[in-house]
K.L.:
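Below you'll find the structure I mean.
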There are 2 protein chains.
Amino acid sequence: MRTASPKAPSESSLDTHLANSGLRVTPQRQRVHEVLREKMDHPTADQVFLRAKNKMPEISMATVYNCLDALVQCGLVRQVTLDRGATRYCPNMQDHSHFYCDACGSVYDILQTISPEEADIKLPRGFRLKNIETNLHGLCPDCAAKAK
Amino acid sequence: MRTASPKAPSESSLDTHLANSGLRVTPQRQRVHEVLREKMDHPTADQVFLRAKNKMPEISMATVYNCLDALVQCGLVRQVTLDRGATRYCPNMQDHSHFYCDACGSVYDILQTISPEEADIKLPRGFRLKNIETNLHGLCPDCAAKAK
DNA sequence: ACCACTATTTAGAATAATTCTAAATCTTGA
DNA sequence: TCAAGATTTAGAATTATTCTAAATAGTGGT
Ligand SMILES: [Mn+2]
Ligand SMILES: [Mn+2]
Ligand SMILES: [Zn+2]
Ligand SMILES: [Zn+2]
């Protein structure tokens, strides 16, 4: 073998991102990130907890919150807040927006965004814009069909 | 006097909007809407409750939630969810987006939006787009100054 | 390898945010 | 005036998130 331990791109990305933020690589953080990548349906912290427990029964809710915060902090996961309910988490760091079905609450990635330049947002003096978040609201295919 | 009881535009708008949604005009709903118009700083339900109590000491938290929901339902108030904290409420129904300061959590109205046409969002077959919500993240003037 | 230091995890308590429940009050329209 | 339905209310219940303090694990220096 050429390399001692070849890693999947997502794993090595986890390692480097955590390292860059001065955070350690831990089994819990790996597991939480894995759970998010396994099913990219924008789960809540609670759902991540339940899924993570399958392969790691000792993991705690506090740790799930800690891990999610760590992954958000090092730029591997995005927080998605779309309604009064629990925050959702998205491991897709590609530039994309979210479609939220107001009827059933499901969330879909939409691979299209409006860039700050394109949007040409004029902010009052002093504001420093970091990024633009676009949330699309409407009906998902299923709910749109039922609505007719 | 020409008209029997001339109303401020916002009040009559409250009446007609509620009526159009089959909802009654009540002192509590009027008060909650008034609180939101008084200080458009995007307060949380809890903050609305505290402010509403000044002129209406008997109002309850449950009623504040009920009223906010009624006002949202009839199109007089927008819900604004920007982070893991409590939902905020905005009585400005003009098309606008929100600037959220990631440092201090303050929210500002930005009178500029990306229209669905302008954005030219291409959704997969079956999705029905109702509206686009744009949230700007960054630093407010105060926090930007401190950051330097 | 041993140790001290710090980061992380953990269970559970605490707090915050929201929803629910059932009874009281109010409004509307026969 | 009365019945039906809408709304409000206090408080309990539930859900979401944060905090605390002790246990565990990882790191760097010797
Ligand atoms: Mn996503
Ligand atoms: Mn606003
Ligand atoms: Zn749906
Ligand atoms: Zn700020």
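Order of the sequence lines sets the chain letters (A, B, ...), proteins ahead of strands, with each chain counted from 1.
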K.L.:
Is the distance from OP1 or OP2 of D:dT8 to the nearest side-chain N or O of B:Ser60 less than 4.0 Å?
P.N.:
no

K.L.:
A:Gln79 CD to D:dT18 C1': how many Å, rounded?
P.N.:
13 Å

K.L.:
So what does B:Ala62 hit on the nucleic acid, given a heavy-atom distance under 4.0 Å: a base, only sugar-phosphate, or nothing?
P.N.:
base

K.L.:
Taking side chain as C-beta onward, heavy atoms only, is B:Val32 less than 4.5 Å from B:Val77?
P.N.:
no

K.L.:
May I have the distance from A:Met56 (atom CE) to D:dT24 (atom C1'), rounded to whole angstrom?
P.N.:
14 Å

K.L.:
The test is side chain to side chain contact (heavy atoms under 4.5 Å, CB included); show your working for A:His42 and A:Asp109 and say whether it passes.
P.N.:
CA-CA 9 Å; A:His42 305 84; A:Asp109 279 355; 2.8 Å; yes

K.L.:
In whole Å, what is the span from the CD1 atom of A:Ile59 to the P atom of D:dT24?
P.N.:
17 Å

K.L.:
Could you check how far CG of B:Asp46 sits from P of D:dT17, rounded to whole Å?
P.N.:
17 Å

K.L.:
Please state whether the phosphate of D:dT7, meaning OP1 or OP2, lies under 4.0 angstrom from any side-chain nitrogen or oxygen of B:Thr26.
P.N.:
no

K.L.:
Judged by each residue's nearest nucleotide on DNA chain C, which is more toward the 5′ side, B:Gly85 or B:Pro27?
P.N.:
B:Gly85

K.L.:
What integer distance in Å separates B:Arg31:CZ from D:dT9:P?
P.N.:
13 Å

K.L.:
Please check if the side chain of A:Thr16 supplies one atom and the backbone of A:Ser13 the other of a donor-acceptor pair under 3.5 Å.
P.N.:
yes

K.L.:
If you check every side-chain atom of B:Tyr65, which of C:dT9, C:dT18, D:dT8 has the closest atom?
P.N.:
C:dT18

K.L.:
When we call it a touch if two heavy atoms are under 4.0 Å apart, what does A:Thr87 touch: a base, just sugar-phosphate, or nothing?
P.N.:
sugar-phosphate

K.L.:
For A:Gln47 and D:dT17, what is the distance between atoms CD and P respectively, to the nearest whole Å?
P.N.:
11 Å

K.L.:
How many angstroms lie between CG in B:Leu14 and SG in B:Cys74, if you round to the nearest 0.5 Å?
P.N.:
6.5 Å

K.L.:
Distance from B:Leu123 atom CG to A:Leu136 atom CG, nearest 0.5 Å?
P.N.:
6.0 Å

K.L.:
Please state how far atom CD in A:Glu58 lies from atom P in D:dA23, giving the value in whole angstrom units.
P.N.:
19 Å

K.L.:
Report the distance from atom CG of B:Asn66 to atom P of C:dA17, rounded to the nearest whole Å.
P.N.:
18 Å

K.L.:
A:Arg24 side chain N/O closer than 4.0 Å to the phosphate oxygens (OP1, OP2) of D:dT27?
P.N.:
no

K.L.:
Side-chain N or O of A:Gln28 versus OP1/OP2 of C:dT10: is the shortest distance under 4.0 Å?
P.N.:
yes

K.L.:
Where the side chain of B:Arg84 is defined as all heavy atoms beyond and including C-beta, which of D:dT17, D:dT8, C:dT18 is the nearest nucleotide?
P.N.:
D:dT17

